[in-house]
Amino acid sequence: MKFTTFLAAAACAVALPAAAQDKANWPSSLTIGTGSQGGTYFGYGSGFGAMISEELGVNAGVEITGGPVQNVTLVETGEHQLGFVTLGPADEARRGESPLMPGTPHEAVRALFPMYQTPLQAAVLASSDIESFQDLQGKRVGVGPAGGTSATYWTRFFENAEGYDGVRVSNAGGSDTAGQLKDGLIDAFVYAAGLPTGAYSQLAVENDVRFLSMDDETLATMKEIVPAMADFTIPANTYEDQPEDLQTVSLWNFAIAHEDMPESLAYEITKLAMENHDRMMTNHAAARETLPENVSKNVVIPFHPGAARWFEENGYDVPAID
């Protein structure tokens, strides 16, 4: 009996160091690159950072950034351990086409888990004479922070689509841009963020607002300029003053990490996001699409081995990406 007890105690003594060793190379803290206040990344990331701190014992803090274009570079260079990106900017950075590090392929970035889709959105005050995208010609348009998905793709649209050469763009965070529209400093607020977007929600509560829907011509032009875009419908009543569906385009968002992140940590972070859907939803409603089956939406960023292991163990095919 005593010998059996000794064996059991010895087995526990062996098991404990193994578990501790699994976390031995984990960092004591990590930084999550998000976006501007009023945008979805910030709210989503603040909540998820708290989950990591509480459940994994790693102090996770969020940092306000310019968005995906900056986030992918911050992760590539190791300045941030985690970041949120839309697949368009991430793909361009992988190919060495990042405006922040042109000519430098971002080859150390790895995908962890799917987040949600980012639709392009547009709003004006109801008192405005702007009723369609074509009416933006010659107007002052806030496009979100420089380096973000919104500024990147809306600016590219205005520069390349026919009939928008007179648009004057300005850059600021989501909440600040909404305030500029309210104060008459800009004529329109176009953005890209998950639903519902906090800056738009507050704007619509405090003001009479008109949301713009893309016509077929605008949809086709946007998808021609940005091939990674796909059709998307913003459901009616997502915001106040929005009684009908809005037609637009969207890009998928994924969480990313550096390839040097310990495999066990990448596994646990992915597991935390994928196995706690209800809690993720309390972080932000956009997390309704934070589902493991959406792993297939990423075909541009290689997956971290730790993340891939969680998906494969749970029966999900991970896209093979070179």
Separation between [atom1] of [X] and [atom2] of [Y], rounded to the nearest 0.5 Å:
X      : Y      : atom1 : atom2 : value
Arg140 : Leu181 : CZ    : CG    : 10.0 Å
Asp176 : Asp183 : CG    : CG    : 10.5 Å
Gln121 : Thr238 : CD    : OG1   : 8.0 Å
Ile64  : Tyr41  : CD1   : OH    : 15.0 Å
Asn283 : Met280 : CG    : CE    : 5.5 Å
Trp26  : Glu268 : CH2   : CD    : 5.0 Å

Please examine the side chains of [Y] and [X], heavy atoms only from C-beta on, and report whether any two atoms are closer than 4.5 Å.
X      : Y      : value
Phe113 : Ile269 : yes
Asp129 : Asp135 : no
Arg94  : Pro302 : yes
His284 : Pro196 : yes
Thr77  : Met101 : yes
Lys271 : Asn314 : no
Ile234 : Gln242 : yes
Val295 : Met274 : no

hydrophobic_cluster_shared for [Y] and [X], side chain cutoff 4.5 Å:
X      : Y      : value
Met281 : Phe48  : no
Val85  : Val69  : no
Met222 : Leu87  : no
Phe157 : Ile130 : yes
Trp154 : Trp252 : no

Exercise. Is any side-chain N of the basic residue among Arg279 and Glu54 closer than 4.0 Å to the acidic one's carboxylate O?
Worked result: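 Between Glu54 and Arg279 there is a salt bridge, with a charged N closer than 4.0 Å to a carboxylate O.
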
Problem set entry | N-O pairing of Lys297 and Glu289 below 4.0 Å |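 No, this pair does not count.
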
So, does [X] use its side chain to make a donor-acceptor pair with the main chain of [Y] at under 3.5 Å?
X      : Y      : answer
Asp245 : Ala236 : yes
Asn253 : Phe84  : no
Thr248 : Leu120 : yes
Glu92  : Ser98  : no
Asn71  : Gly33  : yes
Glu240 : Ser201 : no
Thr31  : Gly61  : no
Ser150 : Val143 : yes
Asn298 : Val300 : yes
Thr86  : Gly88  : no

Problem set entry | From CA spacing to verdict: side-chain contact (heavy atoms from CB on, under 4.5 Å), Ile256, His304 | CA-CA 8 Å; Ile256 59 169; His304 193 289; over 6 Å; no

Which atom names give the shortest non-hydrogen contact between [X] and [Y], and what distance separates them?
X      : Y      : result
Gly142 : Thr177 : CA-CG2, 3.8 Å
Thr34  : Thr65  : O-OG1, 3.0 Å
Val299 : Ser296 : CG1-O, 3.9 Å
Ala123 : Val209 : CB-CG1, 3.8 Å
Ala307 : Thr270 : CB-OG1, 3.4 Å
Ala151 : Ala146 : CB-CA, 4.1 Å

Taking atom [atom1] as the centre, does [X] end up with more than 12 heavy-atom neighbours from other residues, nucleotides or ligands that are less than 6.0 angstrom away?
X      : atom1 : result
Glu313 : CD    : yes
Glu244 : CD    : no
Gln202 : CD    : no
Asp317 : CG    : no

For this session: Could you check Glu275 against Trp310 for side chain to side chain donor-acceptor pair (under 3.5 Å), going step by step and ending with a plain yes or no?
Result: CA-CA 10 Å; Glu275 295 186 6; Trp310 185 89; 2.8 Å; yes

Exercise. Could you give all pairs that pass the salt bridge (charged side-chain N to carboxylate O under 4.0 Å, His left out) test and reach residues 195-214, with sequence neighbours left out?
Worked result: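 As it turns out, the salt bridge (charged side-chain N to carboxylate O under 4.0 Å, His left out) pairs with a partner in residues 195-214, which skip direct neighbours, are Lys182-Glu206.
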
Exercise. Is the Phe133-Tyr164 ring centre distance short of 6.0 angstrom?
Worked result: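 Not close enough - the centres of the two rings lie 6.0 Å or further apart.
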
Exercise. How about Tyr44 and Tyr116: are their ring centres within less than 6.0 Å of each other?
Worked result: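 Distance test on ring centres: under 6.0 Å, yes.
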
For this session: Kindly indicate, with the supporting measurements, whether the criterion side-chain contact (heavy atoms from CB on, under 4.5 Å) is fulfilled by Lys139 and Val124.
Result: CA-CA 11 Å; Lys139 302 296 186 180; Val124 299; over 6 Å; no

For this session: Give the intermediate values and the outcome of side-chain contact (heavy atoms from CB on, under 4.5 Å) for residues Val249 and Tyr153.
Result: CA-CA 11 Å; Val249 291; Tyr153 292 116; over 6 Å; no

For this session: Given side chain to side chain donor-acceptor pair (under 3.5 Å), test Asp215 with Gln134 step by step and report yes or no.
Result: CA-CA 10 Å; Asp215 57 21; Gln134 289 75 17; 3.2 Å; yes

For this session: May I have the step-by-step check of side chain to side chain donor-acceptor pair (under 3.5 Å) for Ser36 and Tyr191, ending in yes or no?
Result: CA-CA 12 Å; Ser36 65; Tyr191 206 44; 3.0 Å; yes

Exercise. Between Thr233 and Gln247, does a side chain to side chain donor-acceptor pair (under 3.5 Å) hold up when you go through it step by step?
Worked result: CA-CA 5 Å; Thr233 300; Gln247 300 308 311; 3.2 Å; yes

For this session: Take Leu195 and Arg288, measure what side-chain contact (heavy atoms from CB on, under 4.5 Å) needs, and give me the verdict at the end.
Result: CA-CA 10 Å; Leu195 301 178; Arg288 64 184 175 276; 3.7 Å; yes

